[in-house]
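See below for the structure under consideration.
Remember, it's a predicted structure, so these values are computed and weren't measured experimentally.
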Amino acid sequence: MTAGTPPTAPTKAPSFPGLDTIRAVAAIWVVVTHVAFWTGSYGSGLLGALAQRLEAGVAVFFVLSGFLLSYPWLRQLRIGSTRDSVGRYALKRVLRILPVYWVAVVAALVLVPQNDDTSLPRAVDAFLMIDMYRDGLLLEGLTQMWSLATEVAFYVSLPVLMALLVGAVARGRWRPVRMLAALAGVAVGSLVWVAVAADFLTSWGGWVNQALPGYLGWFAIGIGFAVLDVDRRNAAPGHELALTRWCRTAASAPWTCWIVAGALLFVASTPLLGPVLLVERTPTQLVCRAILFGLVAAIVVLPSIFGRPSTTYARVLANPFLRHLGHISYSLFCCHVIVIAVLFDRLDLTQFAENMWFVLGLVLVVSLVVSELLYRVVELPCMRLKDLGRRRPTAATAETPASARS
């Protein structure tokens, strides 16, 4: 649709139920990769390497967040629907992230023996989620939180990014090609940061390899999907973008998408991405990691955005139980490393010498129970506060896509 085409009347925000299940899959990938590390399974041939590369689940999280959180800005630009104010948006992000995170920090300090001697300043840094930037050392049981800190940095930056995309790039009009080109530039710039940070910025501290600039490419993929989806839902018949048609064609074969994603993960499990252990990688290896993981994330997310809801695949991913796993996936992400550490301590398990599958089963059972409790006792009560002081939105002004909980 051309830039001058008048917008259509606001309609109810679209639904993406399959994204809940995709979020659950990504969370389980992250659990698997951490269990594999604790049990010493990274060195177990190709499967061990594959378990390590399931850290690609973080890329899936970032693509989902880019898609879901940018969507209201883009719908507003295209069809004039309302969205949350920046203040309301910030309140929702705080209520979504901090309560469970703070519970996890307290649990790590109290339950994980390695944190017994934690100083007050370091504990405060952890509560403020700035420890990654201060000394690069995260509390035991919270080592996965570097990615949460990076995602929070994206939350903080998003209003500015969308103001630039909608205002400076699109000039307040619906110009999807311009926006997609700008997002492609952001992705390229992110890869440049990855290469430069690994080679020239190491003196700044280890945080430079985990900071937002190096991961903006993954968020940009999600924002790009949002541009394409908003455009196709409001384009005249036969006027959707060629890239949108390609996405719809790919989404019509969702199982093939998963096969391709699996093949890319196997490629990523080769020396192309460097060693599987926690050692420094070369700039080339880090750039390949960013590209391959971004492709994997895009391919597994794509069918739940552009696919038809009547397919068997869509019905499977819309299963209420699987979607509920997605609802509790944030709590699962926050608690699972603490569960691993506590189980190894209380059951007298030997780090780097246990059977991965036994430990994985144990960790998943305990972590899912803990996650369910956190979801019901902490997440839901806090999220009920997000609409205090506002009038109930109508169908015409609903500002967020009904989908995975970002």
H239 side chain to P237 backbone, donor-acceptor under 3.5 Å = yes

Taking the side chain from N115 and the backbone from L139, do they hold a donor-acceptor pair closer than 3.5 Å?
-> no

F352 backbone acceptor or donor facing T39 side chain under 3.5 Å = no

Would you check if the side chain of Q144 reaches a backbone N or O of F333 as a donor-acceptor pair within less than 3.5 Å?
-> yes

Taking C-beta and beyond as the side chain, do R93 and V156 meet within less than 4.5 Å on heavy atoms?
-> no

Scanning both residues in full, the closest heavy-atom pair of S371 with I328 reads CB-O, 3.9 Å

Worked check of side chain to side chain contact (heavy atoms under 4.5 Å, CB included) between L142 and V105 | CA-CA 7 Å; L142 301 178; V105 173; 3.9 Å; yes

Quick one: closest heavy-atom pair of A149 and Y133, and the distance?
-> O-OH, 3.8 Å

Report, as yes or no, whether the 6.0 Å neighbourhood of atom CH2 on W255 holds more than 12 heavy atoms from other residues, nucleotides or ligands.
-> yes

Hey, does L19 have a side-chain heavy atom less than 4.5 Å from the side chain of V301?
-> yes

Of all heavy-atom pairs between S367 and C335, which one has the smallest distance, and what is that distance?
-> O-SG, 3.8 Å

Is it true that a side-chain atom of R78 and a backbone atom of W174 form a donor plus acceptor pair closer than 3.5 Å?
-> no

Between W29 and F61, does the ring centre distance come in under 6.0 Å?
-> no

From L212 atom CG to F62 atom CZ, the distance as rounded to the nearest 0.5 Å | 8.0 Å

Counting only heavy atoms not in R245, do more than 12 sit closer than 6.0 Å to its CZ atom?
-> yes

Take atom CZ in R122; do more than 12 heavy atoms of anything else shown fall under 6.0 Å from it?
-> yes

Evaluate the side-chain proximity of W193 to L216: yes if any heavy-atom separation is below 4.5 Å, no if none is.
-> no

Is a side-chain donor or acceptor of R315 paired with a backbone partner of S310 at a separation under 3.5 angstrom?
-> yes

Look up atom SG in C382 and atom NZ in K92, then write down how far apart they are to the nearest 0.5 Å.
-> 15.0 Å

For T244 and R232 the tightest heavy-atom approach is CG2-CB, 3.6 Å

Side chain of T150, backbone of Q210: donor and acceptor closer than 3.5 Å?
-> yes

Considering only heavy atoms from C-beta outward, does the side chain of R308 approach that of S252 to under 4.5 Å?
-> no

Donor-acceptor pair, side chain of T282 and main chain of Q285, under 3.5 angstrom | yes

Just checking, is any N or O donor in the side chain of W73 or Y89 under 3.5 Å from an acceptor N or O on the other one?
-> no

Once you round to the nearest 0.5 Å, how far does CG of D229 lie from CG of N234?
-> 9.0 Å

Between F293 and W218, what is the ring plane arrangement, given parallel below 30°, perpendicular above 60°, and tilted in between?
-> tilted

Give a yes or no answer on whether the side chain of R53 reaches the backbone of A268 with a donor-acceptor pair at less than 3.5 Å.
-> yes

Would you check if there is a donor-acceptor pair between the side chains of E379 and H327 at a distance under 3.5 Å?
-> no

F127, CZ atom: more than 12 neighbouring heavy atoms under 6.0 Å | yes

Give a yes or no on this: more than 12 heavy atoms of other residues, nucleotides or ligands lie within 6.0 Å of atom CG of D116.
-> yes

Please lay out, stage by stage, how L364 and V35 fare under the test side chain to side chain contact (heavy atoms under 4.5 Å, CB included).
-> CA-CA 10 Å; L364 280 175; V35 169; over 6 Å; no

Pair F67 + F219: ring centers closer than 6.0 Å | no

Do V60 and I22 come within less than 4.5 Å of each other through their side chains, counting heavy atoms only?
-> yes

Nearest-0.5 Å distance, CD of residue Q52 to CG of residue L273 = 8.5 Å

For T33 and V30, indicate whether the former's side chain and the latter's backbone hold a donor-acceptor pair under 3.5 Å.
-> no

4.5 Å side-chain heavy-atom contact, M129 and L98 = yes

Do the side chains of L264 and I299 get nearer than 4.5 Å, heavy atoms only?
-> yes

To the nearest 0.5 Å, what is the distance between CZ (R233) and CZ (R75)?
-> 9.0 Å

Does Y101 reach the side chain of L148, with side-chain heavy atoms less than 4.5 Å apart?
-> yes

Answer with yes or no after comparing the ring centroid distance for Y330 and Y375 against a 6.0 Å cut-off, counting only values under it.
-> no

Rounded to the nearest 0.5 Å, how far apart are OG of S41 and CG of L50?
-> 12.0 Å

